[in-house]
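Note sheet for the following structure.
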2 protein chains.
Amino acid sequence: MTDGLDPRELGTYFALMEAVGVLQHHVEQQLRAEGGISYVQFQLLARLADADGPLTMTQLADGVVYSRSGLTYQAGLLEKAGLITRGSFAQDERATLVSITDEGRALVGQVLPGHVQVTRRLLFDSLSDDDLQHLGAIMTRVRDHARAQPPRSAAPRKRRAAADAAADAAPDSPE
Amino acid sequence: MTDGLDPRELGTYFALMEAVGVLQHHVEQQLRAEGGISYVQFQLLARLADADGPLTMTQLADGVVYSRSGLTYQAGLLEKAGLITRGSFAQDERATLVSITDEGRALVGQVLPGHVQVTRRLLFDSLSDDDLQHLGAIMTRVRDHARAQPPRSAAPRKRRAAADAAADAAPDSPE
DNA sequence: TATTGTTATACTCTATAACTATA
DNA sequence: TATAGTTATAGAGTATAACAATA
């Protein structure tokens, strides 16, 4: 399974992905239960709460959502829930300026303590002070580097999707 | 935004989640393009390829999928695509034994090089040898600790979902 | 009774493509 | 022409609950 590949890297990678996967799942549960929002929505709100002023949709999306329509969808939900507002931007009439409302800020404040509690229990309780420092330094570097990477230049499709093959195997569609 | 909370922890946490989020997105793209599978499906196949023999559905799910039905769904796709087979288990007739097929192994082998390439580019290129070692040690510990954690004991729902509020705000339904 | 797995169903989310409007 | 954002739509994935069968 590791033909010619560095097994130390692979092991680290799998551990990282699974650890974060489990963490993510717990965090989603907490946010849904205590705030009625998803992690993506939390990220968007947190970002707006942290920013000095309003952000454009494009700025807001960076590193969180990977399609324009996906962000429009989430922004629509958040706006209808009264957590953000959308307005126009005098400097560039194409852009939409997104602001967090007082309700939005309140929700972040309401959800954050429990959120931190979960991350403590699942993440930081296993970390020494030194680990924390090192992990912070590492992941900040990785994030900044990864953000800058171009979206993978579509490799040739060598094989059909598992779902497609599944569709074939099922003799279903009306000829 | 960090009232009474440790900003160092919060910063590390956000960096971790965003870095892995971006990594995850690139990885999904690579797997879809070169293997026609999702990351969840890759995880399941990799786990089966790594195991000595077949695994039960429950063993297979651990840390990857969080509902029985979710796993049944994925297993259904993988089986119809010819990448796994499901059989019964003599020792416990309730269980289902999942085995990876030669095709499944071949697919993992086909996808893995490109997969490693992506993780190199997005993750390991930013890491020193020391970082790699440290990160591996940390995340293995975190994963094992997190896996053992009980699923959050449902906190009281204090607020309605953003989606629900959105549904209300839209005067749609037939009176 | 508890556990393993499946099925039916409803819902959330994401991405693609077509479109509008502004730079 | 390129960029910002929205809309329509289709598809993948997830979770809940009800179910069957075995321990």
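Just so it is clear: chains get the letters A, B, ... in the order the sequence lines come, proteins before strands, and each one is counted from 1.
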**Asked** On DNA chain D, nearest-nucleotide positions of A/His25 versus A/Arg86: which is more 5'?
**Response** A/Arg86
**Prompt:** Relative to the 5' end of DNA chain D, which residue comes earlier, B/Gln91 or A/Ala75, by the nucleotide with the nearest heavy atom?
**Reply:** A/Ala75
**Asked** A/Ser38 side chain N/O closer than 4.0 Å to the phosphate oxygens (OP1, OP2) of C/dC13?
**Response** yes
**Message:** If the cut-off is 4.0 Å, is B/Arg68 near the phosphate of C/dT4, judged by side-chain N/O to OP1 or OP2?
**Reply:** yes
I need the [atom1]-[atom2] distance between [X] and [N], as an integer number of Å.
X	N	atom1	atom2	result
A/Leu71	D/dT7	CG	P	13 Å
B/Arg32	D/dG13	CZ	C1'	10 Å
A/Gln59	D/dT3	CD	C1'	14 Å
A/Gln29	D/dT14	CD	C1'	12 Å
A/Gln24	D/dA15	CD	P	12 Å
A/Phe89	D/dT3	CZ	C1'	14 Å

Which nucleotide in the set [options] lies at the smallest distance from any side-chain heavy atom of [X]?
X	options	value
B/Gln74	D/dT14, D/dA8, D/dG5	D/dT14
A/Ser69	D/dG5, C/dA17, C/dT6	C/dA17
B/Met57	D/dT16, C/dA23, C/dT6	C/dT6
B/Thr56	D/dT6, C/dG5, C/dT14	C/dG5
A/Arg94	C/dA21, D/dT7, C/dT3	C/dA21

**Asked** Any N or O donor-acceptor pair linking the side chain of A/Thr58 to the base of D/dA4 at under 3.5 Å?
**Response** no
**Prompt:** Do the side-chain N and O atoms of A/His115 and B/Tyr13 include a donor-acceptor pair separated by under 3.5 angstrom?
**Reply:** yes
**Message:** What I want to check is whether the side chains of B/Glu34 and B/Gln110 have a donor and an acceptor closer together than 3.5 Å.
**Reply:** no
**Heavy atoms of other groups near A/Asp102 CG, more than 12 under 6.0 Å** = no
**Request:** Return yes when atom CD of B/Gln59 has more than 12 non-hydrogen atoms of other residues, nucleotides or ligands closer than 6.0 Å, and no otherwise.
**Result:** yes
**Asked** Do A/Leu10 and A/Asp6 have side chains that get closer than 4.5 Å, going by heavy atoms?
**Response** no
**Request:** Give A/Val40 one of three labels, base, sugar-phosphate or nothing, depending on what nucleic acid heavy atoms sit under 4.0 Å from its own.
**Result:** sugar-phosphate
